[in-house]
Asker: 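The structure is given below, and queries will be raised subsequently.
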Amino acid sequence: MSEQVRTRFAPSPTGQLHIGGVRTALFSWLHARHFGGKFILRVEDTDAERSTDENTEQILASMKWLGLDWDEGPFFQSERLDLYNSYIRKLLDEGKAYWCECPPEVLEEKRGQALKDGKKPKYDGTCRNKGLGPGPGRVVRFVMPDTGVTSFNDMIKGTISMENEELDDLILLRSDGMPTYNLTVVIDDATMNITHVIRGDDHVNNTPRQVKIYEALGFELPLFAHVPMILGPDKTKLSKRHGATSVIAYQDMGYLPEALVNYLVRLSWSHGDQEIFTRDELITYFDIHNVGRSAAVFNPEKLLWLNHHYIKTGDPARLADLLTVFIRERGYPVPDAEYLRKVVIDIRERTKSLDDMLDFGGFYFHEVDPPDELKQQHFTPDLAKVFEDLIQGFGQTDLTDRAKAEEVVKTVIDQYAMKFKTIAQPMRVALTGKTVSPGLFEIISTLGKDQVLPRLQKALAFMKSQESGQ
RNA sequence: GUCCCCAUCGUCUAGCCUGGCCCAGGACACCGGCCUUUCACGCCGGCGACAGGGGUUCAAAUCCCCUUGGGGACGCCA
């Protein structure tokens, strides 16, 4: 039993990698890493109609972004057609599969009729004993037993059994010559020596069928683990109509990969009351047996909270680096790394995503011109003298030293017997163009003389113009 | 409709397997308060759940059954 653990993730490149998919990938990856096993990536691209290279590339990019590295692959099913065909031939030779000529339209009609009659829509076996050979428009079907029960043990859900009469003669080979999912997944998992098949809950019903294929092919069964679905707020399977669901979308919105991973891993899985996990902790604590059995509702707010957590606690230099993409996107020039690092430290407590950082801290990247309303309200003529003194004081001070900047302000307000409160907001508006911002001295120190002085001067000019205008 | 699965605060969950420590703990969100140069952060407090009904037992969120509710699957998609 010292068999090495081998898990896989098998996305279909018919769309972008989505939240539900990665969570499954994450569990699978974690399971392999926990046991020091191998994680294999396999692209299931037998749906020639909808699979695209672009999707494949984006999926791989998303996996890398999240740090879900794989040890083998990516393998492409479209390159393994010969393998599948040899097994189909074997099944045909052994009488475990047969050719079928039923036209799709007829099948569809029968299905619709059965559904309407309240019966199970299942292939009626019309061609099962016709002894047909290959031909245009024909497919190969698997001979499913009509009686008996098929059951398997699921690591998450326990024993699941199904009456064989519920199963029908599924198609193994399409009329276009491409094999179908239920066949390829079995052949691949078996030949790639996958020990633990970890996949979405929506595959539970397929599993008994696949078990039959495993048996027909003489393969040993892997262990199965079906992870619960992720639902939207309306409790239906999470999909595009619930809003952003692709990994890329979250990346673009300024989410950190560690936040997404941490959020996703806590859906249907937990380790006591712990909410925050480092990657190493996840690897040591993760146990597939601790995955719950019920579906989870995706909660964007908790994801945001985690993102904020990682922004607050992450390395500012790294965050600064990640931020450059977002700065360019807004068309601002990218400041030097040290300046950016200070910006991050100034604003990280008030911004929950990288994108948010630009919304909130835009004034760090461009000149400001406060709205008239704020100017009228805060740049009152009586403050002109104070601002003059502040400008003079700042001009002679090393503003990178926050304490010194603070000293300047203290001296000035003492001189006028003012409270700091009185000039705080006017200064804030002058420096940021807004009434909400990081602490003034943080801003001053980060902005530096070059930006602080002109902004205060601009405010001062407004104060004076108000004075003379009256 | 049929089959499969699921069921603790609005949401994610601990506890359930190995009944008593649970008149149910944590987290997000929300609401108050403190801190304070704004806003945040932080800290303190509050609101808030064992779906219902039967059993079993001295004792049930925990075990069993039924009901109800929810989800998923019924493709020449994966």
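Naming convention: chains lettered A, B, ... in sequence-line order (proteins, then strands); numbering from 1 in each chain. Keep in mind the model is a prediction, meaning the values are calculated, not measured.
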Asker: Rounded to the Å, how far apart are A:K110 NZ and B:C76 P?
Answerer: 13 Å
Asker: How many whole angstroms separate atom CG of A:D346 from atom P of B:C41?
Answerer: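 Interatomic distance, CG of A:D346 to P of B:C41: 16 Å.
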Asker: Starting from C1' on B:C39, measure out to CE on A:M357 and report it in whole angstrom.
Answerer: 15 Å
Asker: Could you measure between the two P atoms, the one in B:G75 and the one in B:C16, and give it in whole Å?
Answerer: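 Rounded to whole Å, the distance is 41 Å.
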Asker: For A:Y181 and for A:E166, locate the closest nucleotide of RNA chain B by heavy-atom distance; then report the residue assigned to the nucleotide nearer the 5' terminus.
Answerer: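 Of the two residues, A:E166 wins.
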Asker: I'd like the C1' distance from B:G10 over to B:G48, given in whole Å.
Answerer: 9 Å
Asker: With sequence neighbours excluded, give me every side-chain hydrogen bond (donor to acceptor under 3.5 Å, both in side chains) pair touching residues 304-313 of chain A.
Answerer: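 Applying side-chain hydrogen bond (donor to acceptor under 3.5 Å, both in side chains) to every pair that reaches into residues 304-313 of chain A, excluding sequence neighbours, yields A:N262-A:Y310.
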Asker: Taking atom types as they are modelled, is there a donor-acceptor pair under 3.5 Å from the base of B:G75 to the side chain of A:E108?
Answerer: no
Asker: Could you pull out the protein-nucleic contacts involving nucleotides 14-22 of chain B (nitrogen or oxygen on both sides, under 3.5 Å)?
Answerer:
{"unit_1": "B:A14", "atom_1": "OP1", "unit_2": "A:S270", "atom_2": "OG", "d": "2.9"}

Asker: Rounded to the Å, how far apart are A:R266 CZ and B:G26 P?
Answerer: 14 Å
Asker: Rounded off to whole Å, could you give me the NZ-to-P distance for the A:K122 and B:C4 pair?
Answerer: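 The answer, rounded to whole Å, is 14 Å.
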Asker: Does the distance from a Lys or Arg side-chain N to an Asp or Glu carboxylate O, for A:D168 and A:K120, drop under 4.0 Å?
Answerer: no
Asker: Which nucleotide, if any, forms a Watson-Crick or G-U wobble pair with B:A7, using both distances under 3.5 Å?
Answerer: B:U68
Asker: Taking the P atom in each of B:U8 and B:A49, what is the distance between them to the nearest angstrom?
Answerer: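 Taking atom P in both B:U8 and B:A49, they lie 14 Å apart.
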Asker: When you match A:M162 and A:N206 each to their closest nucleotide on RNA chain B, which lands nearer the 5' end?
Answerer: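 By nearest-heavy-atom nucleotide position, the 5'-most residue is A:M162.
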Asker: Taking only residues two or more places apart in sequence or in another chain, which ones pass ring-ring contact (aromatic ring centres under 6.0 Å, His included) with A:F75?
Answerer: none
Asker: Do A:H242 and A:D234 have a side chain donor and acceptor closer than 3.5 Å?
Answerer: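 The criterion, which ignores hydrogens and geometry beyond distance, is satisfied for A:D234 and A:H242.
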Asker: Can you tell me how the ring of A:Y263 sits relative to the ring of A:F298, calling it parallel under 30°, perpendicular over 60° and tilted otherwise?
Answerer: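 Because their plane-to-plane angle is over 60°, the rings of A:Y263 and A:F298 count as perpendicular.
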Asker: When you measure from the side-chain N and O atoms of A:T46 to the phosphate of B:A78, is any distance below 4.0 Å, counting only OP1 and OP2?
Answerer: yes
Asker: Would you classify A:L440 as touching base, sugar-phosphate or nothing, given that sugar-phosphate means primed atoms plus P, OP1 and OP2, and contacts are heavy atoms under 4.0 Å?
Answerer: base
Asker: side-chain hydrogen bond (donor to acceptor under 3.5 Å, both in side chains) with A:R341: which residues, sequence neighbours excluded?
Answerer: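 Testing A:R341 for side-chain hydrogen bond (donor to acceptor under 3.5 Å, both in side chains), a comparison that skips the adjacent residues, returns A:E338.
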Asker: In whole angstrom, give the distance that lies between atom CD of A:E165 and atom P of B:C3.
Answerer: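 In whole Å, B:C3 P and A:E165 CD are 9 Å from each other.
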Asker: Is there a Watson-Crick or G-U wobble partner for B:C16 with both distances under 3.5 Å, and which nucleotide is it?
Answerer: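 Pair assignment: B:C16 / none.
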Asker: Specify the separation, in whole Å, of atom NE2 of A:H226 and atom C1' of B:A73.
Answerer: 11 Å
Asker: Rounding to a whole Å, what distance do you find between A:M178:CE and B:G75:C1'?
Answerer: 16 Å
Asker: Return no unless some side-chain N or O of A:R141 is found under 4.0 Å from OP1 or OP2 of B:G75.
Answerer: no
Asker: So what's B:C74 paired with, Watson-Crick or G-U wobble, going by both distances under 3.5 Å?
Answerer: B:G1
Asker: Could you measure between the two P atoms, the one in B:C50 and the one in B:C9, and give it in whole Å?
Answerer: 7 Å
Asker: Could I get a table of every N or O pair under 3.5 Å where one atom is in the protein and the other is in nucleotides 62-70 of chain B?
Answerer:
none

Asker: With sugar-phosphate meaning primed atoms plus P, OP1 and OP2, does A:F441 contact a base, only sugar-phosphate, or nothing at under 4.0 Å between heavy atoms?
Answerer: base
Asker: Contact class for A:R348 vs. all strands (heavy atom < 4.0 Å): base, sugar-phosphate, or nothing?
Answerer: nothing
Asker: Mind jotting down which residue pairs meet the salt bridge (charged side-chain N to carboxylate O under 4.0 Å, His left out) criterion with at least one end in residues 345-354 of chain A? Sequence neighbours excluded, please.
Answerer: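 Listed once each, the pairs would be none.
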Asker: Quick one, which residues of residues 8-27 of chain A touch RNA chain B with a heavy atom under 4.0 Å?
Answerer: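 The answer is A:S12.
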Asker: Name all residues meeting the ring-ring contact (aromatic ring centres under 6.0 Å, His included) criterion together with A:Y255; count only those two or more places apart in sequence or in a different chain, and write none if there are none.
Answerer: A:Y250
Asker: Rounded to whole angstrom, note down the P distance from B:C65 over to B:A7.
Answerer: 14 Å
Asker: Are A:W29 and A:F9 an aromatic pair, judged by ring center distance below 6.0 Å?
Answerer: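 Distance test on ring centres: not under 6.0 Å, no.
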Asker: Which of these passes side-chain hydrogen bond (donor to acceptor under 3.5 Å, both in side chains) with A:Y84: A:D188, A:T184, A:T46?
Answerer: A:D188
Asker: Between B:G70 and B:G52, how many Å separate the two C1' atoms, rounded to a whole number?
Answerer: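 Those two atoms are separated by 15 Å.
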Asker: Aromatic ring centroids of A:Y87 and A:F219 under 6.0 Å?
Answerer: yes
Asker: Could you go through nucleotides 28-31 of chain B and list every protein N or O atom that sits under 3.5 Å from one of its N or O atoms, giving the distance for each pair?
Answerer:
{"unit_1": "B:C28", "atom_1": "OP1", "unit_2": "A:W305", "atom_2": "NE1", "d": "3.4"}
{"unit_1": "B:C28", "atom_1": "O2'", "unit_2": "A:K302", "atom_2": "N", "d": "3.4"}

Asker: Between A:K122 and A:D169, is there a salt bridge with N-O shorter than 4.0 Å?
Answerer: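 Answer for the salt bridge query: no.
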Asker: How far, in whole Å, is B:A29 from B:G42 if one measures between their P atoms?
Answerer: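 The answer is 9 Å between these two P atoms.
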Asker: Give a yes/no on whether any side-chain N or O of A:K119 is located under 4.0 angstrom from OP1 or OP2 of B:C3.
Answerer: no
Asker: Tell me which pairs pass salt bridge (charged side-chain N to carboxylate O under 4.0 Å, His left out) where either residue lies in residues 405-416 of chain A, with sequence neighbours left out.
Answerer: A:K410-A:D414
Asker: Between B:G19 and B:C12, how many Å separate the two P atoms, rounded to a whole number?
Answerer: 28 Å
Asker: What is the base-pairing partner of B:C30, counting Watson-Crick and G-U wobble geometry with both distances under 3.5 Å?
Answerer: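 Pairing partner: B:G46.
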Asker: Checking contacts here: which listed nucleotide (B:G75, B:G72, B:A78) is nearest the side-chain heavy atoms of A:M229?
Answerer: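 Ranking B:G75, B:G72, B:A78 by closest atom to the A:M229 side chain puts B:G72 first.
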Asker: Got a sec? Which of residues 423-437 of chain A come in under 4.0 Å of RNA chain B, heavy atoms?
Answerer: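 When residues 423-437 of chain A is checked for heavy atoms under 4.0 Å from RNA chain B, the hits, listed by number, are A:A424, A:Q425, A:R428, A:T435, A:V436, A:S437.
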Asker: So, using side-chain hydrogen bond (donor to acceptor under 3.5 Å, both in side chains) as the criterion, who are the partners of A:H18 when residues are at least two apart?
Answerer: none
Asker: If you look at every strand shown and take non-hydrogen atoms under 4.0 Å, does A:C102 touch a base, only sugar-phosphate, or nothing?
Answerer: base
Asker: Between B:C76, B:A73, B:C12, which nucleotide has the shortest distance from any of its atoms to the side chain of A:V297?
Answerer: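 It is B:C12.
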